[in-house]
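See below for the structure under consideration.
Nothing here was measured: the structure is a model prediction, and the numbers come from that model. Here is how names work: the chains are called A, B, and so on, in the same order as the sequence lines, proteins then strands, and each is numbered from 1.
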Protein chains: 2
Amino acid sequence: MTVSKTAADAARSSRALRREPVDPAGDDSMLQLGELSGLLGYSLKRAQLRVFEDFLRCVAPLQLTPAQFSVLLLLDKNPGRNQTEIANTLGILRPNFVAMLDALESRDLCARMRSTNDRRSHILVLTDRGRAVLARAKKLVANKHEARLIEVLGPANHAALLEMLAKLAQEF
Amino acid sequence: MTVSKTAADAARSSRALRREPVDPAGDDSMLQLGELSGLLGYSLKRAQLRVFEDFLRCVAPLQLTPAQFSVLLLLDKNPGRNQTEIANTLGILRPNFVAMLDALESRDLCARMRSTNDRRSHILVLTDRGRAVLARAKKLVANKHEARLIEVLGPANHAALLEMLAKLAQEF
DNA sequence: GATATTAGATATAGCGGATAACAATTATTA
DNA sequence: TAATAATTGTTATCCGCTATATCTAATATC
């Protein structure tokens, strides 16, 4: 909690937001968004698209999507896990995770190893190349992507935004 | 600006976030998210999915998706506009907007009227039924959906979040 | 040992998003 | 004015992500 100064302060800036027009020659000739500006889901979706776009740009040299990056990150932090565990953690359905892993494995970024305990499951491991790519990706993300976000929002707001989004993603 | 108290404060809570584990028997047996928790895009996407889920639940009686709701809202606030203008404002590509309008029109929520000035374009109008459904939808969204968001986040944080997301959606 | 469960995989359907192309209409300009 | 270009809505089509049912091999349960 404790992100805004006062409720009155927040209400004012919210009203300011609603006081369109705020379309500096963007799409068409200044359509009124109306209560759309106050719809959290609307801004949430548009912001998400922008942020993913920027992510893709920043990590373009490594040809990694946000989802692929998250898989590599998770494999690195959680060695010895199988497909189901990784997929579930990322909210990916097992059937859809197969092709994703195929792609990563075909690029020699990770590998499936049959578990000795349970010969049904595949233990997922990062390859050396996967670790190297992940390391480079982390740097690009931190220095270009997140850095730009922090620059636009300000460090404090960036942290506050992260906190609120995490809250929504969990307790909502 | 001015959303968080201090930078130190924000940094602390951000660190607190990163200090997993934060998986109360959710997916699997407590995988480490690692720097995934600090990735804004990750939380952004997950939060967006949750919020849209809740929107769908709240507006379920009216069978409206977020996108459809936004179209109705825009038509109401911007009478006399054609398909291209509405689609562009919502970031929908014209070809994809056709089927969307077909669906709304088949439910008698809006109608296409050939413009007398430019007989190529279709002026979009809300039907009486469309206006009625929109009015009911607005109430559901405000009283159930947004109300719940405000409850979870707190009014001040809700406004601050909205402000930051709008900023990202625009100047990013 | 028979049955149920689980992990990975395949097939398939659906939706949103993106591009190319077309007919009708309007705008440009030679 | 005639020829050309541009625009509107539309269709067709493709891609990616998501969702469900089903299959097999392997394991767990009874």
Side-chain angles (χ1 to χ4, degrees), chain A residues 27-29 31 41-42 44-46 48-53 55-56 63-71 75 78 80-106 110-125, chain B residues 27-29 31 41-42 44-46 48-50 52-53 55-56 63-71 75 80-106 110-125:
Chain A
D27 312 339
D28 274 283
S29 350
L31 287 241
Y42 180 74
L44 203 46
K45 174 108 188 253
R46 303 216 88 161
Q48 186 259 315
L49 290 175
R50 289 285 186 102
V51 169
F52 267 46
E53 261 179 46
F55 183 99
L56 284 173
Q63 285 285 94
L64 282 183
T65 67
Q68 289 173 326
F69 178 68
S70 68
V71 169
L75 293 191
N78 302 272
R81 298 299 186 150
N82 63 25
Q83 298 186 196
T84 299
E85 292 171 318
I86 299 295
N88 282 348
T89 307
L90 291 176
I92 302 172
L93 292 172
R94 274 67 79 216
N96 300 330
F97 194 48
V98 174
M100 233 188 120
L101 272 186
D102 288 346
L104 292 176
E105 203 172 12
S106 74
C110 71
R112 299 180 234 226
M113 298 180 42
R114 291 230 93 101
S115 167
T116 50
N117 309 327
D118 187 339
R119 285 176 16 221
R120 290 171 297 184
S121 62
H122 290 164
I123 298 306
L124 298 179
V125 293
Chain B
D27 312 338
D28 274 282
S29 352
L31 287 241
Y42 179 74
L44 203 46
K45 173 107 190 252
R46 303 216 85 161
Q48 186 259 317
L49 291 175
R50 290 286 186 103
F52 267 46
E53 260 179 46
F55 182 99
L56 284 172
Q63 284 287 93
L64 282 183
T65 67
Q68 289 173 326
F69 178 68
S70 69
V71 169
L75 293 190
R81 299 298 187 147
N82 64 24
Q83 298 185 195
T84 298
E85 291 171 317
I86 300 294
N88 281 349
T89 306
L90 292 176
I92 302 171
L93 292 172
R94 275 67 78 218
N96 300 329
F97 195 46
V98 173
M100 230 188 123
L101 272 185
D102 289 346
L104 292 176
E105 203 173 12
S106 74
C110 72
R112 299 181 233 226
M113 299 181 43
R114 289 230 93 100
S115 166
T116 51
N117 309 328
D118 186 339
R119 284 174 18 218
R120 289 172 296 185
S121 63
H122 289 164
I123 299 305
L124 298 179
V125 293

Spacing between Q48(B) atom CD and dC17(D) atom P, to the nearest angstrom: 15 Å

Short side-chain N/O contact to dT25(C) OP1/OP2 from S121(B), under 4.0 Å: no

Nearest-nucleotide 5' precedence on DNA chain D, A67(A) against R114(A): A67(A)

Nearest to side-chain heavy atoms of R120(B), which nucleotide of dA9(C), dT8(D), dA19(D): dT8(D)

For atom CD of E53(A) and atom P of dG16(D), their distance in whole Å: 17 Å

Residue met sooner reading DNA chain C from 5', once N96(A) and I123(A) are mapped to nucleotides: I123(A)

Nucleotide nearest Q83(A) when distance is taken to its side chain, options dA9(C), dT26(C), dT10(D): dA9(C)

N/O (side chain, K45(A)) to phosphate O (OP1/OP2, dG16(C)) under 4.0 Å: no

N/O (side chain, R119(A)) to phosphate O (OP1/OP2, dA26(D)) under 4.0 Å: yes

Integer-rounded Å distance: dG8(C) P and E105(A) CD: 12 Å

Rounded interatomic separation in angstrom, taking CZ from R81(A) and C1' from dG8(C): 18 Å

R120(A)/N82(A) under side chain to side chain donor-acceptor pair (under 3.5 Å): CA gap, chis, key distance, verdict: CA-CA 10 Å; R120(A) 290 171 297 184; N82(A) 63 25; over 6 Å; no

Among dA9(C), dA18(C), dT11(D), the one nearest L93(B) by side-chain distance: dA18(C)

Residue met sooner reading DNA chain C from 5', once T116(B) and N82(A) are mapped to nucleotides: N82(A)

Nucleotide of dA20(C), dT20(D), dT25(C) approaching P95(A) most closely (side-chain heavy atoms): dT20(D)

Nearest-angstrom distance from the residue atom NE2 of H122(A) to C1' of dA9(C): 9 Å

Rounded interatomic separation in angstrom, taking CD1 from I92(B) and P from dT10(D): 14 Å

Nearest-angstrom distance from the residue atom CD of Q68(B) to C1' of dG16(C): 13 Å

Minimum heavy-atom distance L64(B)-Q68(B), with the two atoms named: CA-OE1, 3.5 Å

T84(B) vs dT7(D): side-chain N/O to OP1/OP2 distance below 4.0 Å: no

Within-4.5 Å side-chain heavy-atom neighbours: F55(B) and T65(B): no

Contact summary for R94(A) and A87(A), nearest pair of heavy atoms: CD-CB, 4.2 Å

Nearest heavy-atom neighbours spanning T89(A) and Y42(B): O-OH, 3.8 Å

Nearest-angstrom distance from the residue atom CE of M100(B) to P of dT10(D): 14 Å

Toward the 5' end of DNA chain D, by each residue's nearest nucleotide, T65(A) or D118(A): T65(A)

